Amino acid sequence: MNVLDESFFARSTQEVAQDLLGSFLCRKIGNTVLKSVITETEAYLDEKDEASHARFGKTNRSKIMFESPGVWYVYLIYGMHNMLNVVTEQTGKAGAVLIRETIDFKGPAKLTSAFDIDRKFNGVAISPKHNLWIEKGSEKPAFESLPRIGIDYASEKWRKAPLRFKAKI
DNA sequence: AAAGTGATCATG
DNA sequence: ATGATCACTTTG
């Protein structure tokens, strides 16, 4: 099938972040299936990445990033917005990709709001069985690499690291 | 430019 | 226990 499985996610975070561009985020709610093309992602690496939640090591929140690839990592930010990430890398190595926008929804919090995604998906397998999954796109789009958003607390090296990937329309 | 909102992390 | 901070959005 076209459904992405664990082998897709068990690779380097940057590769997964780039390859996710052009694929379809899919959500089943009742009898309806929503599908929207992913157009922007960000890679968050392991302990060395000063912008990543893994920078403090394994904590209650970040431990999911160290665990098995192919599950969702969803957390609440600013007291009101849910962020949707996929866990990457082999078990034991931290990594996650933030899905920042799709062709229909500009902004990570608007996306989760539109797809009715919240922390109940944290740690859940990325699979149609759980009504939230990703399907392979027809072709990998051209993209540009940019600094990530909203991480001013990190040092210059990481603030400027081109770990945001945006598909060219 | 600044509010709004609550989980999370460090510190005590 | 408390306090500062935060991978955002909306409004002015």
Side-chain angles (χ1 to χ4, degrees), chain A residues 4 8-25 27 34 36-89 93-126 132-134 141 143-169:
Chain A
L4 301 182
F8 176 92
F9 299 103
R11 297 182 293 139
S12 87
T13 306
Q14 298 171 61
E15 275 184 86
V16 174
Q18 293 173 11
D19 290 353
L20 242 22
L21 298 173
S23 58
F24 294 89
L25 180 64
R27 173 81 166 106
L34 292 140
S36 190
V37 178
I38 296 170
T39 52
E40 189 173 33
T41 61
E42 285 180 2
Y44 286 90
L45 314 183
D46 59 10
E47 291 95 327
K48 68 177 183 297
D49 179 358
E50 294 173 21
S52 171
H53 289 166
R55 68 189 181 281
F56 301 123
K58 266 190 203 180
T59 65
N60 215 44
R61 177 172 70 169
S62 71
K63 65 185 180 197
I64 190 73
M65 291 181 67
F66 293 81
E67 290 170 7
S68 62
V71 302
W72 298 109
Y73 169 36
V74 184
Y75 65 92
L76 190 68
I77 191 68
Y78 299 119
M80 50 190 117
H81 302 304
N82 290 286
M83 300 287 102
L84 179 66
N85 301 248
V86 306
V87 175
T88 60
E89 304 280 2
K93 181 170 167 108
V97 175
L98 172 67
I99 300 179
R100 175 162 270 290
E101 72 175 44
T102 69
I103 200 148
D104 300 302
F105 300 104
K106 188 171 164 249
K110 291 172 73 174
L111 190 155
T112 51
S113 170
F115 276 73
D116 187 29
I117 292 163
D118 62 25
R119 292 181 306 159
K120 65 179 174 286
F121 284 103
N122 192 46
V124 170
I126 301 172
L132 184 60
W133 71 100
I134 302 176
F143 67 92
E144 53 190 334
S145 304
L146 302 160
R148 292 169 291 181
I149 304 282
I151 54 156
D152 290 348
Y153 55 85
S155 70
E156 177 172 321
K157 171 182 173 183
W158 291 102
R159 259 186 291 134
K160 291 190 172 169
L163 292 173
R164 175 161 60 108
F165 307 105
K166 190 175 180 56
K168 291 189 173 164
I169 311 287

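All of these numbers come straight from a predicted model, not from anything done at the bench. Residue numbers begin at 1 in each chain, while the letters A, B, ... track the order of the sequences.
Near DNA chain C, meaning a heavy atom under 4.0 Å from it, residues 37-47 of chain A has A:Tyr44 in order of number. DNA chain B lies under 4.0 Å from at least one heavy atom of each of the following residues of residues 67-80 of chain A: A:Tyr78, A:Gly79, A:Met80. Scanning residues 50-65 of chain A for heavy-atom distances under 4.0 Å to DNA chain B yields A:Phe56, A:Thr59, A:Arg61.
Partners of A:Phe8 by ring pair (Phe, Tyr, Trp, His ring centres under 6.0 Å), not counting sequence neighbours: none found. Residues forming a side chain to side chain donor-acceptor pair (under 3.5 Å) with A:Glu50 (at least two apart in sequence, or on another chain): A:Ser155. Applying the ring pair (Phe, Tyr, Trp, His ring centres under 6.0 Å) criterion to A:Phe105, with sequence neighbours excluded, gives A:Phe115. Every residue was checked against the side chain to side chain donor-acceptor pair (under 3.5 Å) condition with A:Lys58, not counting sequence neighbours, and none meets it. For A:Tyr44, there are no ring pair (Phe, Tyr, Trp, His ring centres under 6.0 Å) partners two or more places apart in sequence or in a different chain.
First and last contacting nucleotides of DNA chain B toward chain A (any atom under 4.0 angstrom from a heavy atom, 5' to 3' order): B:dG4 to B:dA10.
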Can you tabulate the close N/O pairs, meaning under 3.5 Å, that link protein atoms to atoms of nucleotides 9-12 of chain C?
from  : atom 1 : to       : atom 2 : distance (Å)
C:dT9 : OP1    : A:Pro108 : N      : 3.1
C:dT9 : OP1    : A:Ala109 : N      : 2.9
C:dT9 : OP1    : A:Lys110 : N      : 3.4

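Distance alone, capped at 3.5 Å, is enough to place a donor-acceptor pair between the A:Trp72 side chain and the A:Leu132 backbone. A:Glu101 contributes no side-chain N or O that, together with a main-chain N or O of A:Pro108, makes up a donor-acceptor pair within less than 3.5 Å.
For the residue pair A:Ser12 and A:Glu89, no side-chain donor N or O sits within less than 3.5 Å of a side-chain acceptor on the partner.
Sequence neighbours left out, the pairs with a member in residues 15-24 of chain A that pass salt bridge (charged side-chain N to carboxylate O under 4.0 Å, His left out) are A:Arg11-A:Glu15, A:Arg11-A:Asp19, A:Asp19-A:Lys140.
A salt bridge does not link A:Asp49 to A:Arg55: none of the charged nitrogens lies less than 4.0 Å from a carboxylate oxygen.
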For DNA chain B, the dot-bracket pattern of Watson-Crick and G-U pairs whose distances stay under 3.5 Å, | for other-strand partners = ||||.||||||.
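Taking the centre and axis of the six-membered ring of A:Tyr75, the NZ or CZ atom of A:Arg119 falls outside the cone set by 45° and 6.0 Å.
Smallest separation of non-hydrogen atoms from A:Ser145 and A:Phe143: OG-CE1, 3.8 Å.
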